[in-house]
Visitor: 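Starting off with a structure, shown below.
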Amino acid sequence: MPERFITPLIIVVLVLGTLLALRTTKSSSLPPVPVPSAVALAPEMVPLVTGDEPITVIFTKAGCSVCHMVPGIPGGDGRVGPPLLLGTTGPARLADPAYRGHAKTVHEYVVESVIEPGIFIVPGYPSSTMPTWYGAKLSARALERIASYLERQSEATVQEAR
Ligand code: HEC
């Protein structure tokens, strides 16, 4: 091989090696939490939900499943927020010493989480990601039906559905 090719060849190999090394260190240090910026839901994308719709329509119209796994709701497999198994997780949130909200029951906790999501950030999940404008999109009846549905979902109901 002519000598003038050797230096450029060495440079190419070095650059490729560095890039590869960078890629491996980057992916191993990635946090387990999904990157929230990939999922955004603008208020104009969500129509008013009256609460008279079937429960599946309520969740899909509101766009909850974009970010959450909602048991029994087709396509409800978002991974940005926690799975909505409030029958299991609700009591744990209320008992969390870091909980500063006003809810006394899991039902109230769900309503509070939807209209004032900043009150309690579920550990391990990104803050300022759950939309803060749901109070303007969901009627009181829609909120009631969401809370009644979610407080009944637990690890056990997911097992049954399998
Ligand atoms: C853009 C993504 C996104 C959308 C859309 C979204 N959420 Fe969330 N939600 C989150 C994230 C992230 C968290 C966890 C961080 C926090 O507590 O705010 C969360 C937390 C929650 C919690 C608390 C869960 C727990 O385990 O304590 C409830 C309840 C909830 N969301 C319900 C809903 C409902 C109902 C809808 C639809 C009306 C909805 N979310 C739409 C991202 C979203």
Side-chain angles (χ1 to χ4, degrees), residues 23-162:
R23 268 188 58 187
T24 20
T25 37
K26 240 190 174 169
S27 56
S28 61
S29 63
L30 270 183
V33 176
V35 184
S37 56
V39 182
L41 196 66
E44 358 11 304
M45 292 157 71
V46 174
L48 280 177
V49 182
T50 65
D52 294 326
E53 304 88 341
I55 193 72
T56 307
V57 177
I58 292 184
F59 280 106
T60 43
K61 241 182 160 182
C64 315
S65 7
V66 171
C67 295
H68 292 283
M69 187 277 267
V70 192
I73 306 301
D77 55 0
R79 293 280 180 274
V80 175
L84 296 183
L85 302 170
L86 276 298
T88 305
T89 54
R93 308 290 184 240
L94 294 173
D96 192 317
Y99 177 68
R100 296 275 178 277
H102 307 292
K104 296 278 175 277
T105 62
V106 172
H107 190 96
E108 289 171 3
Y109 172 73
V110 175
V111 174
E112 185 182 76
S113 300
V114 176
I115 54 180
E116 285 182 90
I119 288 190
F120 179 75
I121 304 302
V122 179
Y125 289 90
S127 60
S128 314
T129 302
M130 166 110 185
T132 50
W133 36 257
Y134 273 127
K137 294 287 183 175
L138 305 175
S139 72
R141 177 162 155 73
L143 272 170
E144 280 305 302
R145 291 193 56 205
I146 287 174
S148 306
Y149 184 83
L150 292 182
E151 68 183 336
R152 283 186 277 115
Q153 307 306 316
S154 64
E155 301 290 355
T157 49
V158 175
Q159 296 296 331
E160 278 164 28
R162 281 208 179 109

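Residues: numbered from 1 along the sequence shown. Just so we're clear, the structure is a prediction, and the values are computed from it rather than from any experiment.
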Visitor: Considering all heavy atoms of both residues, which atom of Pro117 and which atom of Pro131 are nearest to each other, and what is their separation?
Guide: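 Smallest heavy-atom distance, with atoms named: CG-O, 3.4 Å.
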Visitor: Find the distance between CD (Glu144) and CG (Leu138) and round it off to the nearest 0.5 Å.
Guide: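 The CD atom of Glu144 sits 12.0 Å away from the CG atom of Leu138.
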Visitor: Report the distance from atom NE2 of His102 to atom CD of Glu116, rounding to the nearest 0.5 Å.
Guide: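 Here the interatomic distance stands at 6.5 Å.
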Visitor: A side-chain contact here means heavy atoms from C-beta on lying under 4.5 Å apart; do Leu150 and Phe59 qualify?
Guide: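 The answer is yes, as the side chains (C-beta and beyond) meet within the 4.5 Å cut-off.
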Visitor: To the nearest 0.5 Å, tell me how far Thr50 OG1 sits from Ile58 CD1.
Guide: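 That separation rounds to 7.0 Å.
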Visitor: Restricting to non-hydrogen atoms, name the atom on Leu94 and the atom on Thr105 that form the minimum distance, rounded to 0.1 Å.
Guide: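 Result for this residue pair: CD1-C, 3.6 Å.
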Visitor: Where is the tightest heavy-atom contact between Val70 and Tyr149, given as atom of each residue plus distance?
Guide: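 Heavy atoms only, the tightest pair is CG1-CE2, 4.2 Å.
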Visitor: First locate atom NE2 of His107, then atom CG of Leu86, and finally report the distance between them rounded to the nearest 0.5 Å.
Guide: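 If we round to the nearest 0.5 Å, His107:NE2 and Leu86:CG are 11.0 Å apart.
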Visitor: Could you tell me whether a side-chain N or O of Gln153 sits under 3.5 Å from a main-chain N or O of Leu84, the two making a donor and an acceptor?
Guide: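 Not confirmed, Gln153 side chain does not pair with Leu84 backbone.
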Visitor: Return the minimal non-hydrogen interatomic distance between Pro71 and Leu85, and the atom names on each side.
Guide: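 Shortest heavy-atom contact: CG-CD2, 3.4 Å.
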Visitor: Please check: side-chain N/O of Thr88 versus main-chain N/O of Glu155, any donor-acceptor pairing under 3.5 Å?
Guide: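 A pair under 3.5 Å: yes.
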Visitor: Closest approach of Val110 and Ala147, non-hydrogen atoms and distance?
Guide: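 So the minimum-distance heavy-atom pair works out to CG1-CA, 3.7 Å.
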Visitor: With distance as the sole test, does Tyr134 use its side chain to make a donor-acceptor pair with the main-chain N or O of Ala62 at under 3.5 Å?
Guide: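 Yes: the side chain of Tyr134 pairs with the backbone of Ala62.
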Visitor: Please confirm whether the backbone N or O of Lys104 pairs with a side-chain atom of Glu108, one donor and one acceptor, at under 3.5 Å?
Guide: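 Judged by distance alone, yes, a pair lies under 3.5 Å.
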Visitor: Is a side-chain donor or acceptor of His68 paired with a backbone partner of Pro82 at a separation under 3.5 angstrom?
Guide: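 Yes, the answer is positive, given that a donor and an acceptor are paired below the 3.5 Å cut-off.
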Visitor: So do Pro43 and Lys137 actually touch side chain to side chain, heavy atoms under 4.5 Å?
Guide: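 Yes. Closest side-chain heavy atoms under 4.5 Å.
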Visitor: Can you name the closest pair of heavy atoms from Phe120 and Asp96 and give their distance?
Guide: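 That would be CZ-OD2, 3.6 Å.
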Visitor: I'd like to check Ile55 versus Arg145 (side-chain heavy atoms, cut-off strictly below 4.5 Å). Are they in contact?
Guide: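 SC-SC contact between Ile55 and Arg145 confirmed.
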Visitor: Between CD1 of Ile115 and CG of Leu143, what distance do you get to the nearest 0.5 Å?
Guide: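 The distance works out to 6.0 Å.
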Visitor: Ser139 versus Leu48: any side-chain heavy-atom pair under 4.5 Å?
Guide: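 No, their side chains stay 4.5 Å or more apart.
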Visitor: For Tyr99 and Ala103, indicate whether the former's side chain and the latter's backbone hold a donor-acceptor pair under 3.5 Å.
Guide: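 The answer is yes, because a donor-acceptor pair under 3.5 Å joins these two groups.
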Visitor: How long is the span from the SG atom in Cys64 to the CG atom in Leu41, to the nearest 0.5 Å?
Guide: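 The SG atom of Cys64 sits 9.0 Å away from the CG atom of Leu41.
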Visitor: Do Ser113 side-chain atoms and Val111 backbone N/O form a donor-acceptor pair below 3.5 Å?
Guide: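 Judged by distance alone, no pair lies under 3.5 Å.
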